[in-house]
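Worth saying up front: this structure is predicted, and the values here are computed from it rather than measured. The sequence lines fix the lettering, A, B, ..., with proteins before strands; numbering per chain opens at 1.
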2 protein chains.
Amino acid sequence: MEKNLTSLSDFIDQEIGVKGTKKRAKFDEGFEAFKLGVLIQQARQERGLTQEQVADLSGTNKSYISKLEKDLKDVRFSTLQRIITEGLGGHLEISIKF
Amino acid sequence: MEKNLTSLSDFIDQEIGVKGTKKRAKFDEGFEAFKLGVLIQQARQERGLTQEQVADLSGTNKSYISKLEKDLKDVRFSTLQRIITEGLGGHLEISIKF
DNA sequence: ATGTGACTCATAGTCCGTT
DNA sequence: AAACGGACTATGAGTCACA
């Protein structure tokens, strides 16, 4: 597990470039963005809600929730929070790691 | 420490309202938004960077970084990530708690 | 080195239809 | 129920110039 993760890191380092390069930064960014959509989708499904329910609860709309989960649209930070607090009934934890 | 945190939660529950109410959701949202500015500022200062350096590294501009840290502006999620990855050289960890 | 008003144009978010 | 596409536009993210 730990081994695999390390291998993946090495693989990415070699294939995409090491941390610090432009290309790698772009990759990491896309990787995180990808995670955001999945994160929202998983949280929603765990709570047994439909995209429409989340949309209504958070005062957005269902086609937008869909696009968010599929990473087809960007989000304002405040909107992301509203979706998570009001739509999913959770709260967003953020931190910066080095 | 743990005690104090619990007390703070109780205090907020009583003063602002419990989770689930509109007022509380709004409070939590503002509270998190507030934390974001501070989070960025602390990370930046720990790394010994100026707002201008972070701005240049992340392809934004210094007046915007200032406004972000002061919570005077919202951010696109993708921009926030660029600032953290390219500007601060870290990476953004996000999770949803219930 | 940071903060702030004034500005603008990209785009977040909506709406509607189709699969 | 979810994805997906496309067309739309009010708004506010991000910039610039200045203190």
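Residue Y64(B) is the one, among N61(A) and Y64(B), whose nearest nucleotide of DNA chain C lies closer to the 5' end (criterion: closest heavy atom). Of the two residues contacting DNA chain D, namely T50(A) and T60(B), the nearest-nucleotide position lying further toward the 5' end is that of T50(A).
Rounded to whole Å, the distance from CG on D74(A) to P on dT14(C) is 14 Å. One interatomic measurement links the two molecules: CD of E52(A) to C1' of dC16(C), which rounds to 14 Å at whole-angstrom precision. If you take CZ of R76(B) and P of dT11(D), they are 16 Å apart, rounded to a whole angstrom. Distance L68(B) CG to dT2(C) C1': 14 Å, rounded to the nearest Å. Look at CD on E69(A): it is 15 Å from P on dG13(C), rounded to the nearest Å. Atom C1' of nucleotide dA1(D) and atom CD of Q53(A) are separated by 10 Å, given to the nearest angstrom. When the C1' atom of dA13(D) is taken as reference, atom CD1 of I65(B) falls 12 Å away, rounded to whole Å. Taking atom CG of D56(A) as the reference point, atom P of dC15(C) lies 11 Å away to the nearest angstrom.
Regarding contacts with the backbone of dG13(C), a side-chain N or O of T79(A) is found under 4.0 angstrom from either OP1 or OP2. Between dA2(D) and R44(A), a contact under 4.0 Å exists linking OP1 or OP2 to a side-chain N or O. Within the 4.0 Å cut-off from OP1 or OP2 of dG3(C), at least one side-chain nitrogen or oxygen of Q51(B) is found.
Using a 4.5 Å cut-off on side-chain heavy atoms (C-beta onward), F77(B) and T79(A) make no contact. Side-chain contact between R82(A) and T60(A): present, with at least one pair of heavy atoms (C-beta onward) separated by less than 4.5 Å. Taking 4.5 Å as the limit, some side-chain heavy atom of L36(A) sits within range of a side-chain heavy atom of L80(A).
Residue-level contact check: S66(B) touches the bases, meaning some heavy atom is under 4.0 Å from a base atom. Among the atoms of the strands shown, only primed sugar atoms or phosphate atoms (P, OP1, OP2) are found under 4.0 Å from some heavy atom of K70(B). Using a 4.0 Å heavy-atom distance criterion, L72(B) is classed as a sugar-phosphate-only contact.
You won't find any donor-acceptor pair under 3.5 Å spanning the side chain of K62(B) and the base of dG14(D), going by distance alone. Side-chain N/O atoms of K67(B) and base N/O atoms of dT15(D) include a donor-acceptor pair closer than 3.5 Å.
If you check dG14(D), dC15(C), dG12(D) against the side chain of S63(A), the one that comes closest is dC15(C).
Between G48(B) and Q53(B), the closest heavy-atom pair is O-OE1, 4.0 Å.
Of the possible polar contacts, one joining the D74(A) side chain to the S78(B) backbone as a donor-acceptor pair under 3.5 Å is found.
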